[in-house]
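To start, the structure under review is shown below, and the notes come after it.
Count residues from 1 along the sequence.
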Amino acid sequence: MNEILFEILRLTVMLAVFAVTYSLLPWIRGKIGQDRLAEITRWVNTAVLMAQQVYEAKTGAERKAIVVAMLRDILIAKNISISEAQLDMLIEAAVKAMKMQENQT
């Protein structure tokens, strides 16, 4: 009787561990990804605002090159990897948001 009870308990624990691993692990990975995206977005917004204020005399392409170089250094230092296309989208979104905010004031 004890052996049967032990096997049922062992199977229940195994199923519980499987269920937690199957459902909780992807949620945690997604949450970490969201945190990193939020951090990257903050850095992009800050870099775009800095380039707009400090390098006002330069062209848009020159400012973008400065922002890309600065963000690449920050992301490497923080061990965060994103593609050039993703970084470009984030920069363009930050520039658009900044221009929209300037037009509202």
Side-chain angles (χ1 to χ4, degrees):
M1 183 69 173
N2 285 340
E3 291 176 23
I4 294 173
L5 187 59
F6 178 76
E7 287 299 317
I8 291 173
L9 181 63
R10 191 176 75 116
L11 183 60
T12 304
V13 169
M14 285 175 38
L15 288 173
V17 168
F18 175 75
V20 167
T21 303
Y22 185 75
S23 62
L24 194 59
L25 219 52
W27 178 80
I28 291 171
R29 285 186 186 141
K31 184 67 176 162
I32 290 171
Q34 291 289 23
D35 291 343
R36 284 206 172 191
L37 179 60
E39 182 180 3
I40 293 167
T41 303
R42 282 192 305 273
W43 279 111
V44 168
N45 290 334
T46 303
V48 166
L49 288 172
M50 180 277 308
Q52 180 66 21
Q53 292 175 358
V54 175
Y55 300 105
E56 191 173 353
K58 296 194 183 275
T59 67
E62 291 172 327
R63 285 188 298 230
K64 185 174 182 180
I66 291 167
V67 168
V68 168
M70 183 173 58
L71 289 172
R72 279 282 159 217
D73 291 341
I74 291 170
L75 294 174
I76 289 170
K78 294 192 169 288
N79 200 21
I80 298 174
S81 171
I82 64 171
S83 70
E84 289 291 325
Q86 291 170 325
L87 185 59
D88 187 54
M89 280 192 312
L90 290 170
I91 291 170
E92 292 300 324
V95 169
K96 179 76 171 174
M98 181 186 63
K99 287 182 180 181
M100 288 174 60
Q101 191 173 24
E102 285 177 354
N103 289 337
Q104 287 179 352
T105 56

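- Put simply, NZ on Lys99 and CD on Gln52 are 8.0 Å apart, with the number rounded to the nearest 0.5 Å.
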Next on the checklist: Quick one, Lys64 with Val95, criterion side chain to side chain contact (heavy atoms under 4.5 Å, CB included). Give me CA distance, side-chain angles, the key distance, then yes/no.
Outcome noted: CA-CA 10 Å; Lys64 185 174 182 180; Val95 169; over 6 Å; no

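- Taking both residues in full, the closest heavy atoms of Val44 and Leu90 are given as CG1-O, 3.5 Å, listed atom of the first, atom of the second, then distance.
- The residues Glu7 and Arg10 are annotated as salt-bridged, a charged nitrogen and a carboxylate oxygen being separated by less than 4.0 angstrom.
- Closest non-hydrogen pair, Met50 versus Tyr55, comes out as SD-CE1, 3.9 Å.
- Leu49 is connected to Ile40 through a chain of hydrophobic side-chain contacts under 4.5 Å among Ile, Leu, Val, Met, Phe, Trp and Tyr, so both are in one cluster.
- In this structure a side-chain-to-backbone donor-acceptor pair under 3.5 Å is missing from Asp88 to Glu84.
- A distance of 8.0 Å separates OG1 of Thr46 from CD1 of Ile74, quoted to the nearest 0.5 Å.
- Smallest separation of non-hydrogen atoms from Val67 and Ala47: CG2-O, 3.6 Å.
- Here the CD1 atom belonging to Ile80 is positioned 5.5 Å from the CG atom belonging to Leu75, to the nearest 0.5 angstrom.
- Met89 and Val68 are not part of a single hydrophobic cluster, where members link through side-chain heavy atoms under 4.5 Å apart.
- Counting heavy atoms from C-beta outward, Thr41 and Asn45 have side chains that approach closer than 4.5 Å.
- Here the closest non-hydrogen pair linking Arg36 and Asn79 is NH1-O, 3.4 Å.
- The nearest pair of heavy atoms linking Trp43 to Lys78 is NE1-CE, 3.5 Å.
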